[in-house]
Amino acid sequence: MVKENLVKVEENIQKACQKAGRDRSEVTLIAVSKTKPIEMMEESIEAGVNTFGENKVQEIVKKHPDLPEDTHWHMIGHLQRNKVKNLPGLVEMIHSVDSVRLAKEIQKEYAKNDEVANILIEVNVAKEESKFGFMPEEVENALREIATFPNISVKGLMTIAPYVDDPEKNRQHFVNLRKLLVDINGKNIDNINMRELSMGMTGDYEVAIEEGATFVRVGTGIFGSREYH
Ligand SMILES: *Cc1c(COP(=O)(O)O)cnc(C)c1O
């Protein structure tokens, strides 16, 4: 099932790239494997997709030894400060930096390990009450501070768009995230030159790609629906 789903998702990604006049290589598919077993992840790897998104540090720690060394791990979920110490050497990117306090903790732990953390700033672009992330108007000031942290490299912005029945309803949010990135890059803040936009999930990744996504995070569309215990 995973293989068939991946074929379909890949087709959709290519179509969206074509429609937007973008090169397929500009978009990285992250297979969101949270709650899913190693066997399904191995199936994904066999089908050519070895970049995974998880939302719990413990789950990455647990799964990591069971998959090949060259597997790519992305932390995409809300991150508690007391879990940051497990991340150096484990994940390629942290998508969900939603406070300066969290960034400070990342700075501290990565400095201890003499590593640089690649991060994205999570933006609550639709201003939903229930969501984590900076409000769009807070991002610039937060970045001015985080940009001074030597063990953090800010690569771009991330958003979790609202759950909607029609993906078109999220198009404007994706447009706004991209505008925010361009706008902030234009301010020439030292150490800030963002290129990545992590946006789009199973319900809306094609629209997100049309609006400039460089990472799409697809879970259900690859691994099927999730059961939480
Ligand atoms: C679970 C999750 C996804 C994937 O959601 P689907 O709708 O299953 O594709 C993407 N991003 C984040 C941050 C998630 O937590």
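Residue numbers run from 1 in the order of the sequence given. Order of listing sets the numbers, starting from 1, for every ligand and every atom in it.
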Q: Just to verify, what does His173 make a ring pair (Phe, Tyr, Trp, His ring centres under 6.0 Å) with, not counting sequence neighbours?
A: none
Q: Is the His95 to Phe215 ring centre distance short of 6.0 Å?
A: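 Yes, ring centres under 6.0 Å apart.
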Q: Any atoms of ligand 1 less than 4.0 Å from a non-hydrogen atom of Arg217? List them with their elements.
A: 4 (C), 9 (O), 10 (C), 11 (N), 12 (C), 13 (C)
Q: Closest heavy-atom contact between Ala161 and Phe174?
A: CB-CE2, 3.8 Å
Q: Should Arg226 be listed as contacting ligand 1, given a heavy-atom distance under 4.0 Å as the test?
A: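 Per 4.0 Å heavy-atom rule, Arg226 contacts ligand 1.
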Q: Kindly write out the residues that satisfy side chain to side chain contact (heavy atoms under 4.5 Å, CB included) with Gln58, not counting sequence neighbours, or none if the list is empty.
A: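 Per chain and number, Gln58 pairs via side chain to side chain contact (heavy atoms under 4.5 Å, CB included) with Lys56, Lys83.
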Q: With heavy atoms only and a cut-off of under 4.0 Å, state how Lys34 meets ligand 1: side chain, backbone, both or neither.
A: side chain
Q: Any donor-acceptor pair under 3.5 Å linking the side-chain atoms of His78 with those of Asp98?
A: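 Looking only at side-chain atoms, His78 and Asp98 do form a donor-acceptor pair, the distance falling under 3.5 Å.
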Q: What do we get for Thr220 next to ligand 1 when only non-hydrogen atoms under 4.0 Å count, side chain, backbone, both or neither?
A: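 Both backbone and side chain.
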Q: What atoms in ligand 1 come closer than 4.0 Å to a heavy atom of Val218?
A: 9 (O)
Q: Quick one: does Gly219 get an N or O within less than 3.5 Å of an N or O on ligand 1?
A: yes
